[in-house]
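Each remark here refers to the structure printed beneath this line.
Every chain is numbered from 1 and lettered A, B, ... according to where its sequence line falls, protein lines coming before strand lines. Everything numeric here is computed off the predicted structure, so don't read it as measured data.
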Amino acid sequence: MKLLLVGEYKNGNIDDSFYELVAFAGKLGAEAVAFFVAPTDIKPEFNGKVYVADVEKAKEYNPKVHRDLILKVAEKENPDYIVLSHSSYGWDLAPRIAYKWDAGQISEIVDVDNDGFVVPFCNAKLRRLLKPNTGKAVLTLQSGAFAPAKEGSASVETIDVDVADEGLEFTGFEVVEKGGVDLTKAEIIVSAGRGVGKKENIEIVEKLAKVLGAELGASRPVVDAGWLPQERQVGTTGQTVAPKLYVACGISGAIQHLAGMKKSNFIVAINKDKDAPISEVADVFVVADLLEFVPVLTEKLSS
Amino acid sequence: MNVLVCVKQVPDMESKFTVSSDGLWYDQSDLTYKINEYDEYAVEEAVRLKEKLGDVTITVLSIGPDRVKEAIRKALALGADKGAHIKDDEAHLKDPFQIATIIANYAKDKNFDIIFTGMQSEDRGSAQVGALVAEMLGMNCVTTIVDFEYADGKVNVKRELEGGIKAKVTAKLPVVLTCQLGLNTVRYPTLPNIMKAKRKELKEFDVSEFLNVDPKVITLKAFVPEKKKGGIVLEGAPDEIADKLINILKEKAII
Ligand SMILES: Cc1cc2nc3c(=O)[nH]c(=O)nc-3n(C[C@H](O)[C@H](O)[C@H](O)COP(=O)(O)OP(=O)(O)OC[C@H]3O[C@@H](n4cnc5c(N)ncnc54)[C@H](O)[C@@H]3O)c2cc1C
């Protein structure tokens, strides 16, 4: 079996997620080649062939350009699977490759089974076991699901960038402004989720943060609703934190939130749904209505 | 301008899920359904565009059993003009390639300028359908948008990347846009608009009219995952469990 691993080159580096793809290939016992749009002098720690399309020529990400470059490599190498991370890059690109390659796609794989691939289902409350119905397939892997494997040195071959796209034009990046809050330095973080119900209730969580000397964090819906500023958002599209203590109040534990806090030293979750996926990472899971429980806890801690 | 919005009806993710008797999906009885959160943003964005430009017709499409008409009606109450229900009691067993094929076959001769979809569904989360529809129809496509503006026959959008970074992209029409959480603030339907929605056109089609392909991915089974980590679970009176929690934190020297 042969895999074509599509790595990401980000902020001047080979993104570590590439080594998760390498680990996945190892787990399948498959031969692997890789592809990057990157500077042509990159040196991935990977034993195999790496095709590089010069990022100077390909410029910022354009899906059709990347798709066609990958298909060119696929034609040469004839892999069974093309594998990407389930990232903003991977989920954007994978379906486009799959369609043109006439293959099925399986998204966000968390595990491998003899018969197929395991993916999350219903906010990870269930799983599904899927199998491609086509000989070949495009696969995306959940970030963090496979422990990175870094080893060896690659032989790099440059490929021409001879494709272009007029349909989309990249015009620049925008970065969230930080207003002095640095969650990554906090020893204790108390986060509010959608379970707080309304803006006025943020105060309840804020008071708990105060008695614990903690920074206030948030899940995404709380930020999207404008209850707290974006600089307080924890998760893949916010901050990645690992405090001594993380208290999640009314947060279900979607993978994108977990990715930002699961390395915390000690995790307390307060949630009225006993099956909420946050229970998977919680050291202490308090089954309670936070509106009732948090004020009691705050009161006890302050006396 | 001609706009299509694709919506999926999904259960509330706070529900208790069990595996269905055929072993391939979740048991669909006893669940409360709603519009997929990502798709609500799609509907809202289309309605805002109509409010801004005036001359916009918004069609809302949903594939599924009869109950998905509720989702279409809600989108109509939010401001969409007409509905297309593609009836399929087995929609949950179709793979994303088949779902995208159904949408593309419905859309292909209708000259949509913009197709809005959610970036993924809350239950499956495969994040494939929007981009596949674009490929099938030869349309441009930007996924995961958190900002949208239409100007001079083009759309200017922001595509969300990781860690608080966004890429600004200009796309030519026709274009498929997949909507991310927080794209806008979704309005509540008013009672007069709910009443009006009942009189708006809602056509029903049979899925066989649009589906002409086999799945490219097969579901072998759905199952309940093993609990990974056995943390301490505290249940009971708030007063007692607060004491227990404080003791644990003190014992571990965390506070
Ligand atoms: C590409 C992408 C990137 C994303 N990035 C992020 C990110 O960076 N950060 C992030 O957080 N999310 C992110 N998300 C969103 C993520 O998928 C979830 O939608 C989000 O994390 C849910 O937030 P939540 O847990 O607060 O809300 P919900 O999932 O709605 O959960 C609310 C929880 O509160 C509980 N609850 C309700 N009422 C009470 C009460 N009174 N007392 C106690 N418990 C109660 C419920 O049981 C439920 O478990 C991203 C999604 C995508 C697709």
Side-chain angles (χ1 to χ4, degrees), chain A residues 87-88 91-92 95-96 99-100 103-108 115-116 120-123 125-134 167-176 212 220 224 230 236-238 244-245 252 266 268 273 275 279-288 292-293 296-297 300-301, chain B residues 13-14 16-17 19 26 95 97 122-128 131-132 135-136 140 142-144 158 160-172 181-182 214-225 227-229 231-235 238-239 241-243 245-246 248 252 254-255:
Chain A
S87 60
S88 64
W91 70 64
D92 188 84
R96 310 183 200 238
Y99 182 72
K100 281 280 185 303
Q105 181 190 333
I106 297 179
S107 303
E108 213 185 349
D115 309 309
F121 187 34
C122 296
N123 200 10
K125 285 186 171 179
L126 298 178
R127 302 256 193 283
R128 293 193 301 153
L129 179 65
L130 306 178
K131 189 180 102 175
N133 196 24
T134 44
L168 301 186
E169 188 196 347
F170 168 84
T171 60
F173 287 114
E174 189 181 284
V175 181
V176 178
L212 285 170
R220 179 169 183 139
D224 284 343
Q230 162 130 50
T236 48
T237 48
K244 196 170 75 171
L245 172 64
S252 64
F266 200 83
V268 176
D273 175 9
D275 295 330
S279 65
E280 294 224 341
V281 300
D283 296 287
V284 179
F285 189 78
V286 179
V287 188
E292 233 182 287
F293 176 75
V296 174
L297 180 64
K300 284 183 187 285
L301 283 166
Chain B
M13 288 304 125
E14 282 171 36
K16 175 134 190 82
F17 288 99
V19 174
Y26 49 81
D95 78 338
F97 175 70
E122 289 178 66
D123 53 0
R124 270 199 220 204
S126 17
Q128 295 180 29
L132 280 176
E135 288 288 335
M136 290 170 182
N140 293 315
V142 188
T143 63
T144 334
K158 289 178 190 156
E160 189 176 48
L161 313 177
E162 284 74 19
I165 301 171
K166 291 156 197 156
K168 294 191 270 185
V169 178
T170 299
K172 287 185 186 157
L181 305 173
D214 290 328
K216 290 195 185 291
V217 172
I218 298 173
T219 305
L220 298 175
K221 64 173 183 183
F223 60 100
V224 183
K227 281 262 178 279
K228 265 198 203 127
K229 188 168 150 184
I232 302 165
V233 178
L234 298 179
E235 257 177 301
D239 194 57
I241 50 181
D243 283 335
L245 176 59
I246 292 170
I248 294 168
K252 304 255 173 202
I254 292 170
I255 55 169

[options]: which one forms the most heavy-atom pairs within less than 4.5 Å of chain A?
| options | value |
| --- | --- |
| L220(B), V142(B), T144(B) | L220(B) |
| G164(B), A171(B), G125(B) | G164(B) |
| L181(B), D214(B), L132(B), V19(B) | L181(B) |
| G182(B), A131(B), G163(B) | G163(B) |
| I255(B), I254(B), I165(B) | I254(B) |
| E235(B), E135(B), K172(B) | E135(B) |

Heavy-atom distances under 4.5 Å only: say whether [X] touches chain A with side chain, backbone, both or neither.
| X | result |
| --- | --- |
| L245(B) | side chain |
| F17(B) | both |
| I248(B) | side chain |
| D95(B) | neither |

Got a second to check how far [X]'s [atom1] is from [Y]'s [atom2], nearest 0.5 Å?
| X | Y | atom1 | atom2 | answer |
| --- | --- | --- | --- | --- |
| E14(B) | S252(A) | CD | OG | 7.5 Å |
| K216(B) | L130(A) | NZ | CG | 15.5 Å |
| K16(B) | D275(A) | NZ | CG | 4.0 Å |
| T171(A) | K158(B) | OG1 | NZ | 9.0 Å |
| R128(A) | T219(B) | CZ | OG1 | 4.5 Å |
| K166(B) | F173(A) | NZ | CZ | 13.0 Å |

Notebook entry, point to check: Under a 4.5 Å heavy-atom cut-off, does chain B meet the side chain of E108(A), its backbone, both or neither?
Noted result: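 Side chain only.
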
So, the part of R220(A) with a heavy atom under 4.5 Å from chain B: the answer is side chain

Check: Hey, mind stepping through I246(B) and K300(A) against side-chain contact (heavy atoms from CB on, under 4.5 Å) and telling me if it holds?
Finding: CA-CA 9 Å; I246(B) 292 170; K300(A) 284 183 187 285; 3.6 Å; yes

For the residue pair [X] and [Y], what are the closest heavy atoms and their distance?
| X | Y | result |
| --- | --- | --- |
| N133(A) | P215(B) | ND2-O, 2.7 Å |
| F170(A) | A167(B) | CE1-CB, 3.9 Å |
| A242(B) | V296(A) | CB-CG1, 4.1 Å |
| S126(B) | S107(A) | O-OG, 2.8 Å |
| S88(A) | E160(B) | CB-O, 3.6 Å |

query = Is the gap between the ring centers of F121(A) and Y26(B) under 6.0 Å?
reply =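 Yes, close enough.
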
Can you check whether Q105(A)'s main-chain N or O pairs, donor with acceptor, with Q128(B)'s side chain at less than 3.5 Å?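 Yes; at least one donor-acceptor contact below 3.5 Å.
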
Donor-acceptor check, side chain of K125(A) to backbone of M13(B), threshold 3.5 angstrom: yes or no?
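Here the side-chain-to-backbone pair exists.
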
Out of [options], return the one with the most heavy atom pairs under 4.5 angstrom to chain B.
| options | answer |
| --- | --- |
| D92(A), L301(A), T236(A) | D92(A) |
| I106(A), V176(A), V175(A), L129(A) | L129(A) |
| V268(A), L297(A), D273(A) | L297(A) |
| E169(A), K100(A), E292(A) | E169(A) |
| D115(A), L212(A), L245(A) | L245(A) |

### Message
Set out, in order, the CA-CA distance, both residues' side-chain angles and the distance that settles side-chain contact (heavy atoms from CB on, under 4.5 Å) for I232(B) and D283(A), then state yes or no.
### Response
CA-CA 6 Å; I232(B) 302 165; D283(A) 296 287; over 6 Å; no

Notebook entry, point to check: Can T143(B) and W91(A) be said to form a side-chain contact (heavy atoms from CB on, under 4.5 Å), step by step?
Noted result: CA-CA 8 Å; T143(B) 63; W91(A) 70 64; 4.2 Å; yes

For L126(A) and F223(B), run side-chain contact (heavy atoms from CB on, under 4.5 Å): C-alpha distance rounded to whole Å, both residues' side-chain angles, the deciding distance at 0.1 Å, then the answer.
-> CA-CA 6 Å; L126(A) 298 178; F223(B) 60 100; over 6 Å; no

| Crowded around K244(A) NZ? As in, over 12 foreign heavy atoms under 6.0 Å? |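 It does: K244(A) NZ has more than 12 such atoms within range.
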
Check your understanding: If we only count heavy atoms from C-beta on, is the F293(A) to I241(B) side-chain gap below 4.5 Å?
Key -> yes

